[in-house]
Amino acid sequence: MSGRSHVRHLMTDPHQRLQDALDVLDATFAPLAESPVRVGGCTYCYPEADLETLAGPVHEVPDQLVSSFAHETPDHWDDFRGLYRRLAPRIIRLLIADELDHSLVASRLRAAGWRDWPTPERTAMEETWHAWWRSVLHTHPSTGHITDVLETLSVTAGSLAPWLAIWAESRTETADLHLGDALDHWLIEGELADLHLGFYEETHATPELLPWLLSLEDGRLGAAQLREVERIAYG
């Protein structure tokens with residue numbers, strides 16, 4: 001591969017775009033991550049040593065402690081929103097690696113008010129979400145089940161629409177394999193008729209999801225799956 005071809009490949013490869021987005025995310029949050037802060041929290045659940053670690057440089061916080069914090073209830077912390085914002089790049093990397101509970105972390109990100117963060121941070125987060133989704137659709141099997149990734153993105157964004165639009169545009173074998181996997185999951189679990197996403201079921205998915213499934217081009221859904229979707233939609 002020539003140098004120019006290699007550059008074009010890197011520019012269009014979804015996995016490279018995801019890595020680039022994560023690097024931008026790290027750089028955008030670096031001023032927060034590198035500045036020591038005071039962290040107060042539940043000393044019954046977290047010893048002083050953990051609080052001191054969370055207050056120090058973010059890159060020195062062990063993954064296990066980041067994971068514990070990412071899942072913890074907001075009332076355990078004096079400044080939950082500020083600490084979640086500070087640790088966001090570390091949390092998101094673990095989330096993308098499928099090492100965290102997707103529905104719970106999505107709900108925690110909403111509670112942290114990430115859409116109210118400063119514009120550069122919010123933009124870096126949004127770019128990461130889009131790069132992650134395209135990367136997942138590009139690979140089958142992917143790291144993390146497609147329904148978990150969709151749940152994370154839809155709950156954090158407050159809507160399925162942008163992610164379903166990208167999925168509809170992705171007329172590839174891998175995207176359609178993911179579509180089959182998702183439908184198998186929703187149908188086997190009996191969720192599609194009244195699907196709620198998020199740990200606290202914040203997002204009602206069915207009103208957006210059913211019309212979208214029925215709008216897809218012929219052949220993208222298996223015949224048996226399509227009949228079941230139509231049965232649920234039309235009674």
query: Considering all heavy atoms of both residues, which atom of Leu153 and which atom of Trp163 are nearest to each other, and what is their separation?
result: O-NE1, 3.3 Å

query: Are the side chain of Thr203 and the backbone of Ala205 linked by a donor-acceptor contact shorter than 3.5 Å?
result: no

- prompt: Closest heavy-atom contact between Asp116 and Arg81?
  reply: OD2-NH1, 4.4 Å

query: So, does Glu151 use its side chain to make a donor-acceptor pair with the main chain of Gly198 at under 3.5 Å?
result: yes

Heavy-atom closest contact (Gly158 atom, Arg110 atom, distance): CA-NH1, 4.1 Å

- prompt: If you group Ile, Leu, Val, Met, Phe, Trp and Tyr by side-chain heavy-atom gaps below 4.5 Å, do Leu137 and Trp212 land in one group?
  reply: yes

message: Taking Leu160's backbone N and O only, do any of them form a donor-acceptor pair with Glu208's side chain (distance below 3.5 Å, no angle check)?
response: yes

query: Do Leu195 and Tyr200 share a hydrophobic cluster, counting only Ile, Leu, Val, Met, Phe, Trp and Tyr and linking them when any side-chain heavy atoms are less than 4.5 Å apart?
result: no

message: I'd like to check Val39 versus Val37 (side-chain heavy atoms, cut-off strictly below 4.5 Å). Are they in contact?
response: yes

- request: May I ask you to decide whether Arg17 forms a salt bridge with Asp23, counting only side-chain N to carboxylate O separations under 4.0 Å?
  value: no

task: State whether Asp26 and Arg93 are salt-bridged, where the test is any N-O pair (Lys NZ or Arg NE/NH1/NH2 against Asp/Glu carboxylate O) under 4.0 Å.
output: yes

- prompt: Hey, are the side chains of Leu150 and Ile146 touching, using non-hydrogen atoms and a 4.5 Å cut-off?
  reply: no

- request: Report the C-alpha distance between Thr172 and Ser170 in whole Å, list the side-chain angles of each, state the deciding distance to 0.1 Å, and finish with yes or no for side-chain hydrogen bond (donor to acceptor under 3.5 Å, both in side chains).
  value: CA-CA 6 Å; Thr172 63; Ser170 303; 5.7 Å; no

- request: Determine, for Glu230 against Arg227, whether the closest basic-nitrogen to carboxylate-oxygen distance falls under 4.0 angstrom.
  value: no

field: Arg85 (side chain) donor-acceptor with Trp117 (main chain) under 3.5 angstrom
entry: no

- request: Would you tell me whether Ser67 and Glu99 have side-chain atoms, one donor and one acceptor, within less than 3.5 Å of each other?
  value: no

Backbone N/O of Leu179 and side chain of Asp176: donor-acceptor pair under 3.5 Å: no

- request: Determine yes or no for a side-chain-to-main-chain donor-acceptor pair under 3.5 angstrom, with Gln225 supplying the side chain and Gly180 the backbone.
  value: yes

query: Is the backbone N or O of Phe199 less than 3.5 Å from a side-chain atom of Ser107, with the two atoms forming a donor-acceptor pair by type?
result: yes

- prompt: Which word best sums up how the rings of Phe69 and Phe80 line up, parallel for under 30°, tilted for 30 to 60°, or perpendicular for over 60°?
  reply: tilted

message: Any side-chain to backbone donor/acceptor pair from Thr174 onto His140? Under 3.5 Å, distance only.
response: no

side-chain contact (heavy atoms from CB on, under 4.5 Å) between Thr28 and Val24, worked out: CA-CA 6 Å; Thr28 303; Val24 170; 3.8 Å; yes

Side-chain heavy atoms of Thr143 within contact of Ile96, under 4.5 Å: no

message: Could you check whether His15 and Thr139, counting side-chain N and O atoms only, form a donor-acceptor pair closer than 3.5 Å?
response: yes

query: Roughly how far, to the nearest 0.5 Å, is the SG atom of Cys42 from the CG atom of Asp75?
result: 8.5 Å

field: Worked check of side-chain contact (heavy atoms from CB on, under 4.5 Å) between Arg38 and Asp79
entry: CA-CA 9 Å; Arg38 181 189 175 279; Asp79 182 14; over 6 Å; no

field: Arg108 (side chain) donor-acceptor with His71 (main chain) under 3.5 angstrom
entry: yes

field: Main-chain N/O of Val136 paired with His178 side-chain donor or acceptor, under 3.5 Å
entry: yes

- request: Mind checking the OG-NE2 spacing from Ser135 to His130? Nearest 0.5 Å is all I need.
  value: 14.0 Å

- prompt: How would you list, by chain and number, every residue that makes a salt bridge (charged side-chain N to carboxylate O under 4.0 Å, His left out) with Asp148, sequence neighbours excluded?
  reply: none

task: Taking atom types as modelled, find out whether Asp194 and His204 have a side-chain donor-acceptor pair closer than 3.5 angstrom.
output: yes

- prompt: Between CG of Leu226 and CG of Asp218, what distance do you get to the nearest 0.5 Å?
  reply: 8.0 Å

query: Under 30°, 30 to 60°, or over 60°: which ring-plane class applies to His185 and His145, parallel, tilted or perpendicular?
result: tilted

- prompt: With the 4.5 Å side-chain cut-off for hydrophobic clustering, are Leu209 and Tyr234 part of the same group?
  reply: yes

field: From CA spacing to verdict: side-chain contact (heavy atoms from CB on, under 4.5 Å), Trp132, Leu95
entry: CA-CA 10 Å; Trp132 182 23; Leu95 189 63; 4.0 Å; yes

message: Tell me whether Trp114 shares a hydrophobic cluster with Leu104, the cluster being built from Ile, Leu, Val, Met, Phe, Trp, Tyr side chains joined at under 4.5 Å.
response: no

task: Considering non-hydrogen atoms only, spot the tightest contact between Val105 and Ala70 and give its length.
output: CG2-O, 4.2 Å

query: Around atom CD of Glu173, are there more than 12 heavy atoms of other residues, nucleotides or ligands at under 6.0 Å?
result: no

- prompt: Is any NZ, NE, NH1 or NH2 atom of the basic residue among Arg171 and Glu217 found under 4.0 Å from an Asp or Glu carboxylate oxygen of the other?
  reply: yes

task: Specify the closest pair of heavy atoms between Ala233 and Leu210, including all atoms of both residues, with the distance to one decimal.
output: CA-CD1, 4.1 Å

message: Could you check, using the six-membered ring where one of them is a Trp, whether Trp167 and Trp133 have ring centers closer than 6.0 angstrom?
response: yes

Under 3.5 Å, which donor-acceptor pairs do the side chains of residues 51-66 form with other protein atoms, sequence neighbours left out?
unit_1	atom_1	unit_2	atom_2	d
Thr53	OG1	Ala49	O	2.9
Asp63	OD1	Arg90	NH2	2.6

message: Any heavy-atom pair between the side chains of Glu169 and Arg134 that's under 4.5 Å?
response: yes

statement: The reported gap from CZ in Arg86 to CD1 in Ile91 (rounded to nearest 0.5 angstrom) is 11.5 Å

- line: CG of Leu192 to CD1 of Ile232, rounded to nearest 0.5 Å, is 4.5 Å

task: Verify whether the ring centers belonging to Trp77 and Tyr84 lie closer than 6.0 Å.
output: no

message: Let me check something: do Ile166 and Leu183 share a hydrophobic cluster, defined by ILVMFWY side-chain heavy atoms less than 4.5 Å apart, either directly or through other members?
response: yes

message: Can you tell me how far apart NE2 (His76) and OH (Tyr44) are? Round to the nearest 0.5 Å.
response: 10.0 Å

No-hydrogen, no-angle side-chain donor-acceptor test under 3.5 Å, Ser68 and Tyr46: yes

Nearest non-hydrogen partners of Leu25 and Met125, listed with the distance: CD1-N, 3.9 Å

